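Below is one structure, written out as structure tokens, with a few remarks after it.
Values in this document were obtained by computation on a predicted structure and should not be read as measured data.
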Amino acid sequence: MGDVPVLIEAAINGGTTKDRNPNVPITPEEIRADAARCLDAGATIIHAHNHDIRLNGEPAARAYLDAWAPLLAERPDALWYPTLCVAADPLGKLEHVRLIAEQVPLTMAAVDPGSTNLGTPGTDGLPEGGVYANSYDDVRQAFGFCEEHRLGPQLAIYEPGFLQCVLTYHRAGRLPAGAMVKLYFGGEWGMWARARGVTFGLPPTRHALLAYLDMLEGTDLPWSVSVWGGDLMATPVAELALERGGHLHVGLEEHFDPDAKPTNLALVEQAVALAASVGRPVATTADAISLLGLASPATSAGSPATPG
């Protein structure tokens with residue numbers, strides 16, 4: 001796998017607060033500057049939230065464009081994608097993506113192809129939280145949206161059942177072009193890093209990754225690894241992924257270490273160094289377009305614009 005370029009995705013903010021890590025970018029100016037630093041350091045893809053995931057439709061799109069339109073006016077070939085919004089229906093979660101793509105280059109969209117429990121320890125130490133629900137009909141509509149708008153689905157795999165759903169679409173020849181499997185491993189601090197003890201999915205171990213690779217065997221689907229509520233680089237998953245032809249998903253959205261507050265730039269630099277240590281080059285934008293089968297940003301529906 002030494003000649004396969006490594007896609008390094010930087011998920012730069014998500015639900016992370018300044019209290020959790022003061023280096024997380026929240027404002028449009030912070031997001032724009034942090035994304036540029038990560039791209040310059042070797043990140044191939046940037047995944048970002050705006051300042052408030054509760055926004056949807058036009059307000060959500062405008063908040064993203066405040067950050068991204070100036071950056072993409074200077075770097076129209078940059079690969080990036082926003083998150084989903086909080087909405088009652090699956091297309092409502094994606095309406096802002098359509099509006100963004102009318103204004104700036106955008107070739108990818110987030111799709112969460114399944115459901116799981118997400119929570120934290122309660123006062124008694126036992127799990128409490130809620131169900132993150134995406135029905136089969138929701139997934140069908142999300143994939144239809146990606147097909148209609150020529151967006152490569154970036155597939156968040158919280159649990160093995162999410163991947164079973166994706167593989168069913170793949171076997172049927174219905175997985176939209178540009179798809180990438182994002183294997184989310186649950187760190188000891190869980191999704192929100194509030195306390196140890198409640199997480200989701202498989203742990204970041206060698207055997208857990210090998211189980212996912214058994215499922216992916218024979219598909220040729222590109223895949224990456226990340227650890228939510230932990231440190232990917234402190235686990236055996238990162239190096240094993242690179243040895244097996246996978247890619248790296250890093251950033252302050254998922255990273256947590258109670259004793260360290262790194263920057264997104266530092267996490268990208270660690271990923272670049274690990275790729276070099278196993279003899280794999282870091283992917284360029286052109287490499288990513290080829291590996292994923294994406295539409296080129298230069299020919300996507302949107303064109304660079306300035307916020308107004």
Side-chain angles (χ1 to χ4, degrees), residues 5-18 20-53 60-83 96-97 100-101 103-110 152 154 180 224 226 232-233 247-255 261-276 281-289 292 294-300 302-308:
V6 179
L7 303 176
I8 296 175
E9 177 174 335
I12 62 175
N13 49 20
T16 300
T17 64
K18 295 282 189 181
R20 173 171 158 184
N21 187 318
N23 297 307
V24 69
I26 302 295
T27 68
E29 295 76 18
E30 290 173 339
I31 291 167
R32 189 158 57 247
D34 213 45
R37 283 190 291 266
C38 290
L39 290 168
D40 289 340
T44 322
I45 300 167
I46 305 292
H47 173 55
H49 292 212
N50 60 23
H51 68 285
D52 189 349
I53 196 172
R62 178 52 51 194
Y64 277 106
L65 290 168
D66 285 345
W68 284 93
L71 177 62
L72 293 167
E74 298 176 359
R75 310 173 74 144
D77 63 337
L79 296 176
W80 77 289
Y81 65 102
T83 195
H96 65 296
V97 176
I100 293 167
Q103 297 295 317
V104 299
L106 184 62
T107 62
M108 296 180 286
Q154 305 305 291
M180 184 172 182
S224 66
S226 63
L232 173 64
M233 297 301 169
H247 307 278
L248 301 178
H249 179 127
V250 300
L252 295 185
E253 177 169 18
E254 63 262 22
H255 179 278
K261 306 299 178 186
T263 62
N264 281 306
L265 175 60
L267 296 177
V268 170
E269 289 174 339
Q270 289 175 9
V272 170
L274 183 62
V282 173
T284 64
T285 298
D287 291 330
I289 291 169
L292 300 183
L294 293 170
S296 170
T299 60
S300 63
S303 59
T306 54

- Message: Check this for me: does any side-chain nitrogen of one of Glu74 and Arg32 sit under 4.0 Å from a carboxylate oxygen of the other?
- Response: no

- Which pair of heavy atoms, one from Ala43 and one from Val268, lies closest together, and at what distance? N-CG1, 3.7 Å

- How many angstroms lie between NE2 in His249 and CG in Leu267, if you round to the nearest 0.5 Å? 11.0 Å

- Where do Met233 and Leu274 land on the side chain to side chain contact (heavy atoms under 4.5 Å, CB included) test, with the steps shown first? CA-CA 9 Å; Met233 297 301 169; Leu274 183 62; 3.7 Å; yes

- Taking all heavy atoms of Pro82 and all of Ala110, pick out the closest pair and write down the distance. O-CB, 3.9 Å

- Message: Nearest 0.5 Å, please: how far is CD1 in Ile100 from CG in Asn50?
- Response: 8.0 Å

- Query: Would you say the side chain of Leu39 lies within less than 4.5 Å of the side chain of Arg75, judging by non-hydrogen atoms?
  - Reply: yes

- Determine yes or no for a side-chain-to-main-chain donor-acceptor pair under 3.5 angstrom, with Thr285 supplying the side chain and Ala78 the backbone. no

- Rounded distance [0.5 Å steps], CG in Asp52 versus CD1 in Ile26: 10.5 Å

- Query: Going from CG on Asn264 to CZ on Arg37, what distance comes out if it is rounded to the nearest 0.5 angstrom?
  - Reply: 8.5 Å

- Query: If every non-hydrogen atom of Leu248 is compared with every non-hydrogen atom of Ser224, which pair is closest and at what distance?
  - Reply: N-CB, 4.1 Å

- Message: One pair to check against side chain to side chain contact (heavy atoms under 4.5 Å, CB included): His47 and Thr83. What are the steps and the verdict?
- Response: CA-CA 7 Å; His47 173 55; Thr83 195; 3.7 Å; yes

- Measure from the ring center of His51 to the ring center of His49 and say whether it is less than 6.0 Å. no

- Trp68 versus Ile31: any side-chain heavy-atom pair under 4.5 Å? yes

- Item | side chain to side chain contact (heavy atoms under 4.5 Å, CB included) between Thr17 and Arg20, worked out | CA-CA 5 Å; Thr17 64; Arg20 173 171 158 184; 3.7 Å; yes

- Pair Thr16-Asn13, side-chain donor/acceptor within less than 3.5 Å: no

- Query: Looking at side-chain heavy atoms only, is the closest gap between Val104 and Pro297 below 4.5 Å?
  - Reply: no

- Query: Atom NZ in Lys261, atom CG in Asn23: separation rounded to 0.5 Å?
  - Reply: 9.5 Å

- Message: Pair Thr263, Glu269 - check side chain to side chain contact (heavy atoms under 4.5 Å, CB included), show working.
- Response: CA-CA 10 Å; Thr263 62; Glu269 289 174 339; over 6 Å; no

- Of all the heavy-atom pairs spanning Gly42 and Val282, show the shortest one and how long it is. O-CG1, 3.2 Å

- Item | Approximate separation, where rounding is to 0.5 Å, of Glu254 CD and Leu232 CG | 8.0 Å

- Message: Please check: side-chain N/O of Asp34 versus main-chain N/O of Val24, any donor-acceptor pairing under 3.5 Å?
- Response: no

- Task: Return the minimal non-hydrogen interatomic distance between Leu265 and Cys38, and the atom names on each side.
- Result: N-SG, 4.1 Å

- Anything under 30° is parallel, anything over 60° is perpendicular, the rest tilted; go ahead and classify Trp80 against Tyr64. tilted

- Query: Where do Pro5 and His247 come nearest, in terms of heavy atoms and distance?
  - Reply: O-CE1, 3.2 Å

